[in-house]
Structures are given as structure tokens and as C-alpha cells.
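Scroll down for the structure; my scribbles are underneath it.
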Amino acid sequence: MKIRIFFSTLLLSGSLITTVLAQKQPKAPIQQVSFTQVQMNDQFWAPRIETNRTVSIPSAFNECEKNGRFDNFALAAGLIKGEHKGDFPFDDTDPYKIIEGASYSLAAKYDKKLDQYLDSVIHLNSSAQEADGYLTTCVTNKCTRLEGWWGKSRWEKINSHELYNSGHLYEAAVAHFQSTGKRTLLNVAIKNADLVCKVFGPGEGQIHRPSGHPIIEMGLAKLYKATGDKKYLTMAKYFVEETGRGTDGHRLNEYSQDHMPILKQAEIKGHAVRAGYLYSGVADVAALTGDTAYFHALTRIWDNMASKKLYITGGIGSRAQGEGFGPDYELHNHTAYCETCAAISNVYWNQRMFLATGDSKYIDVLERALYNGVISGVSLSGDKFFYDNPLESMGQHERQAWFGCACCPGNITRFMASVPGYMYAVQENTLFVNLYSQSISNIEIQKNKLELKQTSEYPWDGKVILTVTPTKAKKFTLKLRMPGWAENSPVPTDLYAYAEKNNENVQVLVNGKVSKSTKEKGYISIKRLWKKGDRIEFLLPMPVRRVKANDNVVDDRGKMAFERGPVLYCLEAVDQTDKHVFNKFIPENAPLNYEFKNDLLNGVMLLKGTAQQIEKEGDAVVQKEVPFTAIPYSTWNNRGANEMAVWLPVKAEIARPTPDSTIASSAIANVYGVNDQWEPTSSSDVSKPYHYWWLKKGTEESLDYVFDKIVIYCL
Ligand code: FUB
Ligand code: ZN
């Protein structure tokens with residue numbers, strides 16, 4: 001007889017406990033189980049990670065070669081003659097990010113050619129480093145074209161990105177050291193960090209300034225962990241503490257979250273990637289120094305993000321202008337910016353919030369970003385990337401092989417290679433199972449080795465079998481994350497809700513029987529003497545769900561989105577009979593089915609149902625029943641540019657009949673305020689008529705990184 005555990009009755013007391021315990025810091029740090037210990041062999045992630053290794057990393061390195069990223073290092077090293085190339089002072093970070101991704105990739109699967117290629121790139125990086133450790137090639141190369149960014153000398157401008165370059169260097173160096181055991185890049189990083197520690201700080205003669213574009217905080221924390229040298233942690237803490245103080249008299253601004261000290265901040269504002277990286281760095285510092293005040297500030301800011309500024313894709317940052325956050329509930333779809341780097345930063349931040357609290361709500365947000373808004377950033381072929389990830393398209397969006405400002409492709413390469421590292425965490429004699437995916441892992445709990453095997457078709461199916469094989473029988477607590485989506489809660493706030501409750505029960509069986517368990521902070525805890533071959537069956541019902549947004553989100557009113565498990569869906573025109581999306585609505589009660597399609601989009605679960613289509617017949621508007629197909633949002637735009645929507649109307653009034661082709665569409669630049677005050681930059685993507693980066697002419701301010709991306713599209 002199958003015995004079931006009913007968790008819904010525990011929900012109320014569980015959430016009260018969560019609130020109270022969230023105020024406390026855990027006794028011992030929760031440690032992420034390294035991606036090197038986890039071998040994914042599933043149908044979803046393993047092929048993507050392999051494509052990252054075999055296509056994304058080589059093609060991104062190739063773009064670095066073509067676009068002068070390596071030449072800039074060679075020029076700074078005096079190895080070649082010529083002009084500094086590229087449009088941004090942070091172009092050096094492209095190679096660093098790809099080195100990081102390639103290092104992770106090497107650790108998972110050794111490749112001699114790649115190892116040697118990295119050696120040659122690192123040789124250029126180290127040769128370009130100045131004698132005192134300084135490393136930012138456009139400054140060393142005295143690139144006058146980029147003086148607007150960096151000025152006339154080192155560290156002159158807060159937005160020069162010199163410290164951002166350093167941060168990515170440290171992250172790459174630690175990854176390369178840990179993967180290969182080589183100190184070549186680590187030595188470069190240490191020399192640079194030692195210089196940064198001399199130049200910046202509270203002391204006399206030092207520069208009293210925050211980082212401008214965070215990442216150095218996380219990078220320094222990693223360097224501290226890798227070397228054990230506390231001064232790097234002190235430096236990271238300094239950058240955190242200096243934020244919002246304006247000690248050196250620079251202009252305080254929300255754009256860099258530099259408007260007030262972090263301890264006073266409550267609302268997430270400004271540039272989204274900066275925010276995600278900054279708060280991740282703050283979480284690192286808080287965890288490594290045991291600072292609860294910073295952690296409380298982070299909790300407040302996170303609450304604002306997750307309850308008012310989080311897209312259903314897990315993406316953040318609604319605005320092209322300033323690449324950042326708008327006011328609460330500004331979550332428009334067509335012009336949603338949702339930079340790929342910002343979704344990645346959201347994963348970093350949530351992972352760190354989890355590590356600080358052991359609360360699964362952070363993994364719920366992480367999982368949402370992971371399966372949706374992060375991986376939409378890369379094509380299934382692995383060689384094309386989205387910079388912004390809108391939730392609606394008229395067909396004007398298309399992934400590109402590279403960008404003038406190429407932050408996203410490199411970020412994807414390093415992120416994809418690290419995905420297995422998000423599955424597990426260990427704290428004393430507790431093992432957290434955060435993500436589900438077919439895999440084999442070797443984990444150590446209090447010096448006891450253990451093999452953990454997951455057999456599953458997740459995310460397409462909610463059945464997960466975990467086989468536990470400790471070397472010696474061992475008593476420990478295994479915590480299974482109960483995904484929020486399995487508990488009628490798409491996000492841990494009231495920003496989104498399922499339209500109807502699912503009453504199917506989650507089941508947990510150990511060796512075929514119900515086992516004693518408790519529930520705390522979103523985990524089912526099973527404490528027992530685990531023996532070789534113990535088998536857990538975890539069954540998560542996975543019906544198709546309709547999602548409603550909080551009514552304050554104006555753009556989503558009268559609309560619903562579809563999900564199944566952690567996967568968000570969208571309608572793409574190519575799958576619809578009439579090749580249109582916006583002329584349809586899907587009534588709330590329309591039945592929905594799902595079907596796995598092996599030969600589509602590398603194998604995907606499709607959603608199918610019946611929609612109502614609005615059509616013009618002469619002067620009349622008529623309604624017709626038609627079938628529709630929805631695909632995972634992350635897989636859209638793999639069959640060319642076409643219409644796409646995540647949020648779909650539930651009633652006729654919001655659906656739009658497709659306009660007659662004879663009605664001329666017009667570019668509406670003036671609607672966005674583009675006038676002769678503005679000009680496109682050289683990094684505009686001229687291969688696409690509607691994609692331009694605009695800069696406000698002249699003025700210090702415009703050079704101070706206030707630029708708009710204006711997407712002009714046809715109505
Ligand atoms: O400024 C460096 C990177 O370029 C940012 O993180 C991205 O948003 C892009 O602006
Ligand atoms: Zn980016």
C-alpha cells in the first residue's frame with residue numbers, strides 16, 4: 001500500500017517558523033557542493049553544458065580574437081603595435097569570463113587543446129600587467145577614444161570599470177587555479193589585488209570610493225577563500241561599506257546603488273546587473289564576517305525585488321534606460337529589458353541568500369531564473385545570445401553571435417559550465433538537495449563519502465528517485481527541497497499566483513515506505529542512518545498551471561501565463577496555424593494538455609490547447625476556435641525571428657486582430673524622445689535596422705554612462 005504524506009496542513013506553521021528563523025544566522029556555514037563533484041547526465045542540462053563546452057566557449061573565444069580583445073592585451077604587453085580596439089573599457093572582461101567558463105569546463109571534462117589555449121591567453125593577460133600589478137588594457141594603451149570613460153590617468157573616474165575588470169580577473173583566476181592547479185592567472189590576480197588594497201581604502205592617501213560597477217566584492221571574497229589572505233576580505237568589506245557614503249565627494253547615485261549606505265537601503269534601484277552583483281558581494285561579506293546587519297538589509301532589498309520587481313522569467317531590470325529597475329510593479333513585457341547578465345546575477349544573489357539562511361525560497365527564485373530567464377540568453381545551438389530577454393516580441397528580436405558590448409555571451413559561458421554546482425549544499429551533517437536532475441554526485445558529509453544518484457526526467461517529469469550510497473552507513477539529515485511551484489506558490493511573494501489550486505499530493509517514500517520526516521524552511525527533512533542503496537522516491541505532481549500576476553502589474557492585467565514544473569511557457573508564432581500570436585486569447589477554463597516532442601527544439605514538452613482567434617472580416621471582427629501550441633520560453637527564437645508572448649489574454653478585449661498588411665507601420669522614434677540630442681553609438685547593432693544604442697550628445701553626464709537603448713519597433 002502506498003503511504004502518502006500530506007504537507008499542506010503543515011504549511012501555516014511552517015511559514016511562521018520560517019519567518020522567525022530567517023532572523024537567525026546558521027551555526028556553521030552552508031557550503032555549496034562544487035560542480036566538480038556533480039556529473040549531470042540528464043536530457044536537459046547535460047546536452048546544454050556540452051554545447052557550452054564544444055560551441056559557446058570556442059565561438060566566444062573566436063569572437064574575442066576577431067574583435068581585438070586579445071590584441072588589446074598584446075598591445076599593452078608591447079608584443080604588437082597598433083590601435084586599441086573595442087568600444088568599452090570593460091572589454092578585458094570578455095576573455096576573463098570565458099577563461100572562467102573554460103576552466104569550469106576543463107574540470108568537468110579535460111581537454112588538452114583547451115588547456116593549452118588558456119595558457120596562451122593567460123600568457124597575454126600576464127604580459128599586459130604593469131610592473132606594480134595594474135591591469136586594464138585601455139588605460140595602459142592610453143586609448144584616447146575611451147578617455148570619456150577612464151579619464152587621463154588610472155582610477156580617475158568611478159565608472160572607469162578598472163575595478164570591474166579586476167573583479168572578473170579574480171573570478172577567472174580562482175576558477176583556473178582550482179580547475180588546473182596552475183597559479184599562472186592566480187598570480188596575476190594576486191598582484192593586481194595587492195595593488196587595489198594599497199590604492200583603495202579608508203587610510204590617508206588612499207582613494208575612498210566604492211567599486212562603481214560591482215563584482216570585485218565577489219571576486220575578492222573568492223580570492224580570500226582561495227588564498228586565506230584576510231586582507232582581500234577586508235578590501236571587499238571596504239567597498240561594501242563605502243557604497244552610498246560619497247566620502248571622496250563623488251556624486252551619489254541610484255544607478256550604482258550608491259545613493260545611500262547599503263544598511264539603509266530597502267528598495268532595489270538602478271542598474272540591474274550592478275545590483276545583483278553588489279548584493280551578492282554583500283552576502284559574501286556578511287557570510288564571511290558573520291555580519292547580521294548587512295544580512296538584514298539584504299533581506300529587505302530582496303523582499304522588494306521578489307515582491308515587486310521580479311519578472312515571471314526570473315529576469316530583473318525592466319528598463320533599457322539605465323539598464324535597470326523602474327518603480328514597483330513596472331514589469332512591462334514588450335520592452336522588458338531583462339539583461340541576461342542580470343538574470344545570472346539574480347542566481348548568484350539567491351544562491352548566497354540560501355547559503356546564509358538555509359531557506360528554500362531563495363532556491364525557488366534561483367530555479368525560476370535558471371530554467372527560464374538565464375538560458376533564454378543562449379540559443380540551443382550555443383553560438384547566439386540574447387542581451388535583453390523580452391517577454392513579448394513582434395518579431396524584431398533575434399539572438400546575435402556577439403555584441404559591441406559583449407558582457408552577456410561571456411557570462412553565459414561561465415554560468416552554464418557551473419550549473420551542476422547549484423544542485424547540492426552541505427552543512428555539518430545535513431545535505432540539502434536543491435535542484436533535481438538526473439546525475440551522479442560524490443559528496444562528503446563530515447568526512448564521510450557518499451554517492452548520490454538522481455534518476456529523473458526533470459524538468460519534464462516530477463518523479464525523482466534518489467539512491468544514497470555512503471561508503472559507511474552514516475546518520476545524517478537529507479533535506480529535499482519542496483519546490484514552491486509544487487506547493488501552489490510560483491514565487492515566495494504575492495507577485496504571482498496560480499489561478500487554481502492543485503490538490504494532488506507530493507509523495508516521499510524511503511525504501512518504498514513512508515519515513516519519519518519534518519518540514520522546515522521549505523525542505524522535507526529525513527534524518528536516519530543512511531545505508532548503501534537506500535532509495536528515496538520523490539513524486540512531485542506536475543500539472544499545467546495558469547499564473548496570474550499581482551493586479552498592480554498593469555501590463556499583465558487580464559492575462560495569464562502557463563507553467564509546468566519550473567518551466568515557463570510562451571506562444572511563438574511559428575507553432576500557430578496562422579503564424580500569429582497577438583490575435584489570440586485563451587479563456588480561463590480552456591483545457592490544457594502537454595506532450596513531449598522529441599524532434600523539436602532538442603526535445604521539449606509542449607503545451608497544447610484551444611485558443612480563440614480574433615480576425616477581421618471586412619469591417620467586422622469575428623472570433624474563431626483554433627488549436628495552439630506553447631513552447632518553453634527559454635527555447636523561443638530558435639527558428640528565426642517571429643512573434644512571441646508569455647502573458648496571454650484571457651478575454652477578447654485584450655487580443656488584437658492582426659493588422660492588414662496594407663496599413664503602413666511607422667517607426668516612432670519621437671515617441672521615445674529620440675531627437676537631435678541623441679546619436680547612435682558605434683556599438684549599435686547595425687545589422688538590425690531597429691537596434692541602436694543611443695548616447696545623449698556631448699555633456700560629461702552622457703559620458704558618465706547614462707545611455708539609453710532605444711528599441712524602435714513597428715506598431
Ligand atoms: O558595464 C559592464 C556591463 O555592460 C554591465 O554589467 C552590463 O549591463 C553592460 O552595460
Ligand atoms: Zn550582459
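Atoms within a ligand are numbered from 1 in the order they appear, just like the ligands themselves.
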Worksheet item: Going by the atom numbers of ligand 1, which of them fall below 4.0 Å from some non-hydrogen atom of Glu323?
Response: 7 (C), 8 (O), 9 (C), 10 (O)

Worksheet item: Taking the six-membered ring for Trp, are Trp302 and Tyr362 parallel (under 30°), tilted (30 to 60°) or perpendicular (over 60°)?
Response: perpendicular

Worksheet, complete the sentence: Near Cys407 (heavy-atom distance under 4.0 Å), the atoms of ligand 1 are 4 (O), 7 (C), 9 (C)

Worksheet item: Is ligand 1 less than 4.0 angstrom away from at least one heavy atom of Cys341?
Response: no

Fill in: Selection residues 406-418 - residue pairs positive for salt bridge (charged side-chain N to carboxylate O under 4.0 Å, His left out), sequence neighbours left out
Glu100-Arg414, Glu171-Arg414

Worksheet item: Would you say Tyr337 touches ligand 1, if touching means a heavy atom closer than 4.0 Å?
Response: no

Worksheet entry | Atom indices of ligand 1, in the order listed, that fall short of 4.0 Å to a heavy atom of Val273 | 6 (O), 8 (O)

Discussion item. Under a plain distance cut-off of 3.5 Å, with no hydrogens placed, do Asp284 and Tyr279 share a side-chain donor-acceptor pair?
Written reply: no

Discussion item. Do the side chains of Lys309 and Glu267 get close enough for a salt bridge, i.e. N-O under 4.0 angstrom?
Written reply: yes

Worksheet item: Under 2.8 Å from the Zn ion (ligand 2), protein N/O/S atom count?
Response: 4

Worksheet item: Considering the options Val240, Thr243, Leu278, which one meets the side-chain contact (heavy atoms from CB on, under 4.5 Å) requirement together with Pro214?
Response: Leu278

Practice prompt. Salt-bridge test for Glu242 and Arg209: reply yes if a basic N is under 4.0 Å from a carboxylate O, no otherwise.
Written response: no

Response to the item:
Checking heavy atoms under 4.0 Å, the part of Tyr277 that sits near ligand 1 is neither

Worksheet entry | Distance-only polar pair, side chains of Asn192 and Tyr170, donor-acceptor under 3.5 Å | yes

Worksheet, complete the sentence: Cys405 heavy atoms within 4.0 Å reach ligand 1 at atoms 4 (O), 9 (C)

Item to complete: Pick out which of Ile122, Asn125, Thr140, Asn141 makes a side-chain contact (heavy atoms from CB on, under 4.5 Å) with Phe73.
Response: Asn125

Practice prompt. Check the pair Thr340, Asn411 against side-chain contact (heavy atoms from CB on, under 4.5 Å), reporting the backbone distance first and the verdict last.
Written response: CA-CA 8 Å; Thr340 302; Asn411 232 356; 6.0 Å; no

Worksheet entry | Any residue meeting ring-ring contact (aromatic ring centres under 6.0 Å, His included) with Phe385, in chain and number order, not counting sequence neighbours | none

Practice prompt. Pick whichever of His161, Glu339, His213, His168 has a heavy atom sitting closest to atom 6 (O) of ligand 1.
Written response: His213

Worksheet, complete the sentence: So the atoms of ligand 1 within less than 4.0 Å of a heavy atom of Tyr387 turn out to be 7 (C), 8 (O), 9 (C), 10 (O)

Item to complete: Report yes if some N/O of Arg274 lies less than 3.5 Å from some N/O of ligand 1; otherwise report no.
Response: no

Worksheet, complete the sentence: Note: Ala342, heavy atoms under 4.0 Å from ligand 1, region reported as neither

Practice prompt. For Ala283, enumerate each residue passing the side-chain contact (heavy atoms from CB on, under 4.5 Å) test, keeping only those at least two apart in sequence or located in another chain.
Written response: Leu298, Arg352

